[in-house]
A.B. asks: 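Questions regarding the structure given below will be posed in turn.
Just so it is clear, the model here is predicted, and its values are computed rather than measured. Letters A, B, ... mirror the listed sequences (proteins, then strands); counts begin at 1.
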Number of protein chains: 2
Amino acid sequence: MSSAPVSEPKKKLSARGLLAANLLVLRRRRELSQEALAFEAGLHRTFVAHVERQARNISLDNIERLASALGVEPFELLKP
Amino acid sequence: MSSAPVSEPKKKLSARGLLAANLLVLRRRRELSQEALAFEAGLHRTFVAHVERQARNISLDNIERLASALGVEPFELLKP
DNA sequence: ATGTGACTTATAGTCCGTA
DNA sequence: TTACGGACTATAAGTCACA
């Protein structure tokens with residue numbers, strides 16, 4: 001009885017993990033540094049770094065600011 | 001030159017507004033009171049009430065708790 | 001069953017550094 | 001350019017009394 005999955009089931013990420021991953025991908029895609037993104041969003045450089053490392057529990061208003069700085073809707077930052 | 005839209009363009013809601021609206025719909029659909037939802041999510045009744053009234057800037061961890069109490073993914077609470 | 005203002009405590013978010 | 005700390009200050013969390 002093989003229990004090996006044919007393809008890996010995606011590991012369930014926490015909301016923080018999801019946000020961090022999406023943030024990184026979108027930021028890189030736009031060739032922005034953490035600093036540049038932080039500036040666009042009106043946030044501090046070190047805060048963006050913390051969020052990307054899942055070290056901080058960001059608030060909704062700031063999720064919205066990051067989304068807007070990246071040109072996406074807020075919910076897209078939480079999509080798996 | 002008619003400028004009347006065939007169907008109304010949806011007014012753009014803030015992230016708080018989106019969350020509040022989705023929260024209300026999902027909560028009602030499950031026939032939960034604010035109190036019951038708060039209990040499921042491990043939050044205080046009045047806190048949920050404030051969020052539904054857009055009076056609070058909720059954090060990601062608590063968005064996740066509410067989503068889980070409602071049986072949906074976090075991003076679904078922010079979908080337009 | 002819900003809305004709301006006020007209040008304290010916890011932590012989000014800033015700013016200064018070092019590597 | 002990013003990671004990570006320490007020491008702040010601003011604001012979210014959490015609770016209550018009362019409409």
Side-chain angles (χ1 to χ4, degrees), chain A residues 11-80, chain B residues 11-80:
Chain A
K11 172 119 185 291
K12 182 97 164 189
L13 282 175
S14 68
R16 283 195 198 190
L18 244 25
L19 179 69
N22 288 329
L23 216 47
L24 184 67
V25 168
L26 288 167
R27 181 170 68 77
R28 287 270 165 80
R29 189 173 293 164
R30 283 165 178 68
E31 297 185 359
L32 292 169
S33 64
Q34 290 180 346
E35 193 163 19
L37 173 59
F39 179 79
E40 293 294 330
L43 296 171
H44 202 270
R45 194 203 100 223
T46 60
F47 183 66
V48 171
H50 274 120
V51 171
E52 257 182 35
R53 273 182 282 128
Q54 310 179 34
R56 296 261 171 163
N57 181 24
I58 190 174
S59 71
L60 183 54
D61 287 0
N62 284 337
I63 291 175
E64 187 169 30
R65 288 169 120 177
L66 286 173
S68 149
L70 288 166
V72 299
E73 297 282 332
F75 81 93
E76 308 211 55
L77 292 182
L78 294 180
K79 268 209 289 215
Chain B
K11 173 118 185 293
K12 180 99 163 186
L13 282 175
S14 69
R16 282 195 200 191
L18 244 25
L19 178 70
N22 288 328
L23 216 48
L24 185 67
V25 168
L26 288 167
R27 181 169 71 75
R28 287 271 164 82
R29 189 172 292 164
R30 283 166 178 67
E31 297 185 1
L32 292 170
S33 64
Q34 290 179 348
E35 197 162 17
L37 173 60
F39 179 79
E40 293 293 330
L43 296 171
H44 199 274
R45 191 213 107 212
T46 60
F47 183 69
V48 171
H50 277 119
V51 171
E52 249 178 43
R53 283 291 159 192
Q54 309 181 36
R56 292 224 181 187
N57 182 21
I58 192 177
S59 73
L60 184 55
D61 287 0
N62 282 339
I63 291 174
E64 186 169 31
R65 287 184 174 192
L66 287 173
S68 149
L70 288 166
V72 299
E73 297 283 329
F75 81 92
E76 308 210 57
L77 293 182
L78 294 180
K79 268 209 288 214

A.B. asks: Map A/G42 and B/S33 onto DNA chain C by nearest heavy atom, then report which one ends up closer to the 5' terminus.
C.D. replies: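 The residue closer to the strand's 5' end, by nearest nucleotide, is B/S33.
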A.B. asks: When the distance from CZ of B/F47 to C1' of C/dA10 is rounded to whole Å, what number comes out?
C.D. replies: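 The answer, rounded to whole Å, is 13 Å.
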A.B. asks: Taking CD from B/E35 and P from C/dA1, how many angstroms apart are they, rounded to a whole number?
C.D. replies: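 Taking atom P of C/dA1 as the reference, CD of B/E35 is at 7 Å.
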A.B. asks: Touch check for B/R28, heavy atoms < 4.0 angstrom, all strands: base, sugar-phosphate only, or nothing?
C.D. replies: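 Since no nucleic acid heavy atom lies under 4.0 Å of B/R28, the category is nothing.
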A.B. asks: Please give, in whole Å, the distance from C/dT11 P to A/H44 NE2?
C.D. replies: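 Computing the A/H44:NE2 to C/dT11:P distance gives 22 Å.
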A.B. asks: side-chain contact (heavy atoms from CB on, under 4.5 Å) for B/L32 and B/L70? Distances and angles first, verdict last.
C.D. replies: CA-CA 9 Å; B/L32 292 170; B/L70 288 166; 4.3 Å; yes
A.B. asks: Atom CG of B/L23 and atom CG of B/L18: how far apart are they, to the nearest 0.5 Å?
C.D. replies: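 CG of B/L18 is found 11.5 Å from CG of B/L23.
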A.B. asks: Identify, residue by residue, the members of residues 49-68 of chain A with a heavy atom below 4.0 Å from DNA chain C, and return them in order of residue number, or none.
C.D. replies: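 The answer is A/R56, A/N57, A/I58, A/S59, A/N62.
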A.B. asks: Distance check needed: C/dA12 C1' versus A/R16 CZ, whole Å only.
C.D. replies: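 It works out to 10 Å between those atoms.
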A.B. asks: Between the base of C/dG3 and the side chain of B/R45, is there a donor-acceptor distance below 3.5 Å?
C.D. replies: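 Pair found.
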A.B. asks: Run the side-chain hydrogen bond (donor to acceptor under 3.5 Å, both in side chains) test against A/N62 and tell me which residues pass, sequence neighbours left out.
C.D. replies: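 Checked A/N62 against side-chain hydrogen bond (donor to acceptor under 3.5 Å, both in side chains); matches are A/R65.
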A.B. asks: Does any N or O in the side chain of A/N57 come within less than 3.5 Å of the main-chain N or O of B/S59, such that one atom is a donor and the other an acceptor?
C.D. replies: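 No.
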A.B. asks: So does B/H50 get a backbone contact from the side chain of B/R56, meaning a donor-acceptor N/O pair under 3.5 Å?
C.D. replies: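 A pair under 3.5 Å: no.
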A.B. asks: Look at the side chain of A/T46 and the base of D/dC4, then say whether one donor and one acceptor between them are separated by less than 3.5 Å.
C.D. replies: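 For A/T46, whose side chain was compared with the base of D/dC4, there is no donor-acceptor pair (under 3.5 Å).
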A.B. asks: Separation of A/L19 atom CG from C/dA12 atom C1', in whole Å?
C.D. replies: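 Distance, rounded to whole Å: 14 Å.
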A.B. asks: Take a 6.0 Å sphere around CD of B/E76 and say whether it holds more than 12 heavy atoms from other residues, nucleotides or ligands.
C.D. replies: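 Buried by this count: over 12 neighbours within 6.0 Å.
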